[in-house]
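Worksheet: the structure to be examined is printed underneath.
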Amino acid sequence: MTNPAPDDVSRTLLDLVARRGPGRTICPSEVARTLGGPHPDGWGPLMQPVRRAAVALAKEGRVAILRKGRPVDPDDFKGVYRIGLPPGEA
């Protein structure tokens, strides 16, 4: 999928997080690779749409964004992050 709709990105992200299960996380690149394929030219441009989806879903309480294993404010985080189920669902 070369240019997935935001709903497709969110749906894929939620599916991967759910399959990984409580207490475990996914890398945002896993979402991008699922949608864009294994080559960086396919998945690289999807990293920002994945981040936007993760932030939106975190604000809705559907996922948690973590840095160094701890939940962060979806409006204020930088650098490498992972995505998991919200703390209440772990």
Side-chain angles (χ1 to χ4, degrees):
M1 193 175 296
T2 55
N3 196 10
D7 284 348
D8 292 330
V9 175
S10 295
R11 198 171 12 260
T12 300
L13 190 156
L14 288 169
D15 181 55
L16 291 173
V17 167
R19 282 196 273 158
R20 188 64 44 97
R24 305 204 44 219
T25 61
I26 63 167
C27 179
S29 67
E30 291 178 59
V31 181
R33 287 169 206 234
T34 298
L35 293 165
H39 195 279
D41 289 348
W43 64 264
L46 299 176
M47 291 301 289
Q48 282 304 315
V50 169
R51 183 183 178 99
R52 285 191 294 272
V55 167
L57 291 167
K59 287 180 178 182
E60 293 173 8
R62 297 174 75 187
V63 300
I65 297 173
L66 301 109
R67 279 200 28 88
K68 299 181 181 179
R70 296 179 179 220
V72 297
D73 179 348
D75 289 320
D76 186 28
F77 71 99
K78 294 180 180 155
V80 177
Y81 67 101
R82 293 190 63 86
I83 308 162
L85 291 171
E89 296 182 36

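Taking each heavy atom of Met47 and Ala32 in turn, the nearest pair found is SD-CB, 3.7 Å. Heavy atoms only, all atoms of each residue included: Val63 and Leu14 are closest at CG1-CD2, 3.8 Å. Taking each heavy atom of Ala54 and Ile83 in turn, the nearest pair found is CB-CD1, 3.9 Å. Between Pro71 and Leu66, the closest heavy-atom pair is N-CD2, 3.8 Å. Looking at every heavy atom in both residues, Val9 comes nearest to Val50 through CG1-CA, 3.8 Å. Nearest approach of Pro87 to Ala64, heavy atoms of both residues: CD-CB, 4.1 Å.
Taking the salt bridge (Lys or Arg N to Asp or Glu O under 4.0 Å) definition, one finds that Arg70 meets it with nothing, sequence neighbours left out. Remark: Arg67 pairs with no residue by the salt bridge (Lys or Arg N to Asp or Glu O under 4.0 Å) rule, at least two apart or across chains. Among residues two or more places apart in sequence or in another chain, the salt bridge (Lys or Arg N to Asp or Glu O under 4.0 Å) test is passed with Arg20 by Glu30. Residues passing the side-chain hydrogen bond (donor to acceptor under 3.5 Å, both in side chains) test with Thr25 are Arg82, sequence neighbours excluded. With sequence neighbours excluded, the residues forming a side-chain hydrogen bond (donor to acceptor under 3.5 Å, both in side chains) with Asp75 are Lys59, listed by chain and number.
Under the 4.5 Å side-chain criterion, counting only non-hydrogen atoms from C-beta, Tyr81 is not in contact with Val72.
Annotation: the span from Leu46 atom CG to Leu35 atom CG amounts to 6.0 Å, rounded to 0.5 Å.
Note on Leu16: it does not cluster hydrophobically with Trp43, by side-chain heavy-atom contacts below 4.5 Å among ILVMFWY residues. Tracing side-chain contacts under 4.5 Å through hydrophobic residues (I, L, V, M, F, W, Y), one reaches Ile65 starting from Val31; they form part of the same cluster.
Each salt bridge (charged side-chain N to carboxylate O under 4.0 Å, His left out) pair with one or both residues in residues 33-54, not counting sequence neighbours, would appear here, but there are none.
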message = One pair to check against salt bridge (charged side-chain N to carboxylate O under 4.0 Å, His left out): Arg19 and Asp15. What are the steps and the verdict?
response = CA-CA 6 Å; Arg19 282 196 273 158; Asp15 181 55; 2.8 Å; yes
